[in-house]
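Lettering follows sequence order; numbering is per chain, from 1.
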Amino acid sequence: MILEGKVWLFGDNVDTDAIIPARYLSAVDPAELAAHCLEDVNPDFPRLVRPGDLVVAGKNFGCGSSREHAPLALKGAGVSCVVAQSFARIFYRNAINIGLPILECPANLAGSLAPGDILRVDLEQGLITAPRSGGRFQAVPFPPFMQEIIKSGGLIEYVRSRLNY
Amino acid sequence: MIEKILARGAGQKSVRPGELISVKVDLALGNDITAPVAIREFERLGVERVFDPEKIVLVPDHFTPNRDIAAAEQALALRRFAERYGIKHYFEVGRMGVEHALLPEQGLVWPGAVVIGADSHTCTYGAVGAFATGVGSTDLAAAMALGEAWFKVPETIRFEYRGVLPPFTGGKDLILYMIGRIGVEGARYRAMEFGGDTIGRLSMDGRLTMCNMAIEAGGKCGYMEPDEVTFDYLQGRVKHPYAAEFSDSDAAYERIFSFEVASLQPQVAFPPSPDNVRPVGEAKGIRIDQVVIGSCTNGRLEDLRAAAAVIKGRKVHPKVRLLVIPATQQIYRQAMAEGLLDIFIEAEAAVSTPTCGPCLGGHMGILARGEKALSTTNRNFVGRMGHPESEVFLCNPAVAAASAVAGEIIHPGEVA
């Protein structure tokens, strides 16, 4: 799958309280959550993010609480993919489990991008290209087991296929 | 050690770091924030029963007693699910507690158990020698159906603490100091094993505090080898048979950190991150509007005792609100029996029923714009306790109590 969209840049250690503050956790609907996604870090984000946009961040994206509302809010906002130098482990498995595409790319992508740049991501190959600057980056590929979950469309679909044996 | 527990759970002779395995879980935990999402996903699976109604624990503790209608609906979803599937360990308000204080107290976790919880602080139970880790709601849903979860076997980092702790320091300072040293991603994806003679002398409450905050360094789990302190604590609580396993003398660690604790000062984490840690002396004079003593990190009996010892016979500063939240009903009752609650109320503190409430800016102590709080909780990210322009400092219960009296952050030795 090839994804292409406008980039939103964030720094290191973006925590789940920043992605979706706890005061909004009475909601479970992705669209409701999306209305407050990352608002304490960048108030423009929930207002101006468009379906297909990408989030590019530094190290340890999604650290802190286990709330699945964090990847759900990003998915609800229409974010097509999160590319980070590294992810906190619970966020990483939550994103895979709910089918939010993420890529771990150790290179400092943010350094060669400006907000609003277009980024092109080949999910299968893990190849990331930035047409404006001509930058090309290689992400860490998923282990086969996770690819299976992603291919099934998330963990629930994966478990369903196992239960049907 | 963690590898031994995971190998048994996976039904394999051994596992090695990096390996992806499917493990049988002994306990799966959810709360009023994460379980409603898990229940929705569980229902999408179309299964008729849970894998084992005795191995699922549901604790409505975050926004309870219900803070508003939306929270009440979430709590109700838990109760309905518990009734429908015959979940044995459902803890209603009045019988509940903050989950990570409640489960060890109720004997629901034991050495060698594999525990997953849809709450990041599930890592707390490493203090009794369990493999316990936080997962998301969808993981919980799958585990409730299958009784299994997938894991990547983590590398282990060992943290050795040596020496005798100075007065007014404890588990909170040991863990804050370490997080300050290695950073919020210093143990990302790693098992964190704590040991050394300092840990050997540490109480169970102090050990639970330490493992509780493993996640704040990015850790997958905390772990402490069970010893006499552990077995004394478990005696009479745990009904499930267990066999403690011990690390091999040639256990492989990715790294080993050593700390000499004899001159350790009480530690304070400055906003906006739990790794922004400095000795309490460097925080001296910072004026505060609210102090919170409670949570899954520091709401246990020993914490309340430490705070009461400092505050006894004194009054909370006129410009400060002090909130004291015993973490479980049992702790509440014991604190009452020991006269601790009297000491707090006499000092003009507000004492609350168990709840996670203020820790995550849920309710029962939200901060206004520009306010500062000193708290015994575990996170101080931007907006964690309320307005995005409020600030949270983290510390141990003695520092919190002393500072509530002084109106500013202070070493307890300067008040006592």
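B:R80 CZ: 12 or fewer foreign heavy atoms inside a 6.0 Å radius. Other residues, nucleotides and ligands contribute at most 12 non-hydrogen atoms within 6.0 Å of the CZ atom of A:R120.
Of the atoms belonging to A:I90, it is side-chain heavy atoms, and not backbone ones, that fall under 4.5 Å from chain B. Looking at A:N60, both its backbone and its side chain come within 4.5 Å of chain B, counting heavy atoms on both sides. At a 4.5 Å heavy-atom cutoff, B:E73 makes no contact with chain A through either its backbone or its side chain. Looking at B:I215, the atoms closer than 4.5 Å to chain A (heavy atoms on both sides) all sit in the side chain, from C-beta outward. Looking at B:Q74, the atoms closer than 4.5 Å to chain A (heavy atoms on both sides) all sit in the side chain, from C-beta outward. Residue contact with chain A, scored on non-hydrogen atoms closer than 4.5 Å, involves the side chain of B:D68 exclusively. B:L20 touches chain A through its side chain: at least one heavy atom from C-beta onward sits under 4.5 Å away, while N, CA, C and O do not. Only the side chain of B:F63 has a heavy atom closer than 4.5 Å to any heavy atom of chain A. For A:L25, the parts lying under 4.5 angstrom from a heavy atom of chain B are both the backbone and the side chain. Neither the backbone nor the side chain of A:E39 comes within less than 4.5 Å of any heavy atom of chain B. Looking at B:L45, the atoms closer than 4.5 Å to chain A (heavy atoms on both sides) sit in the backbone and in the side chain alike.
A distance of 6.5 Å separates CZ in A:F145 from OG in B:S22, rounded to the nearest 0.5 Å. Considering OG of B:S137 and CZ of A:R67, their distance stands at 11.0 Å, rounded to 0.5 Å. Summarising the geometry, atom CG belonging to A:L155 is positioned 11.0 Å from atom CG belonging to B:L140; distances are rounded to the nearest 0.5 Å. Rounded to the nearest 0.5 angstrom, A:S26 OG and B:I69 CD1 are separated by 11.0 Å. Distance check: B:R384 CZ to A:R23 CZ gives 12.0 Å after rounding to the nearest 0.5 Å.
A donor-acceptor contact closer than 3.5 angstrom links the side chains of A:E68 and B:T138. Counted by atom type alone, B:T133 and A:R89 present one or more donor-acceptor pairs between their side chains at under 3.5 Å.
A donor-acceptor pair under 3.5 Å is absent between the side-chain atoms of A:D17 and the main chain of B:F381, judged by distance alone. A donor-acceptor pair is defined here as one N or O able to donate and one able to accept, closer than 3.5 Å; such a pair exists between the side chain of A:R93 and the backbone of B:W150. Using a distance-only test at 3.5 Å, with no hydrogens or angles considered, a donor-acceptor pair links the side chain of B:R188 to the main chain of A:F87. Within the 3.5 Å criterion, the main-chain N or O of A:G64 finds a donor-acceptor partner in the side chain of B:R379.
Contact between B:T34 and A:S66 at its shortest, heavy atoms only, is CG2-OG, 4.1 Å.
Put simply, the side chain of B:L360 does not reach to within 4.5 Å of the side chain of A:S65, judged on heavy atoms. B:V382 places none of its side-chain heavy atoms less than 4.5 Å from the side chain of A:D15.
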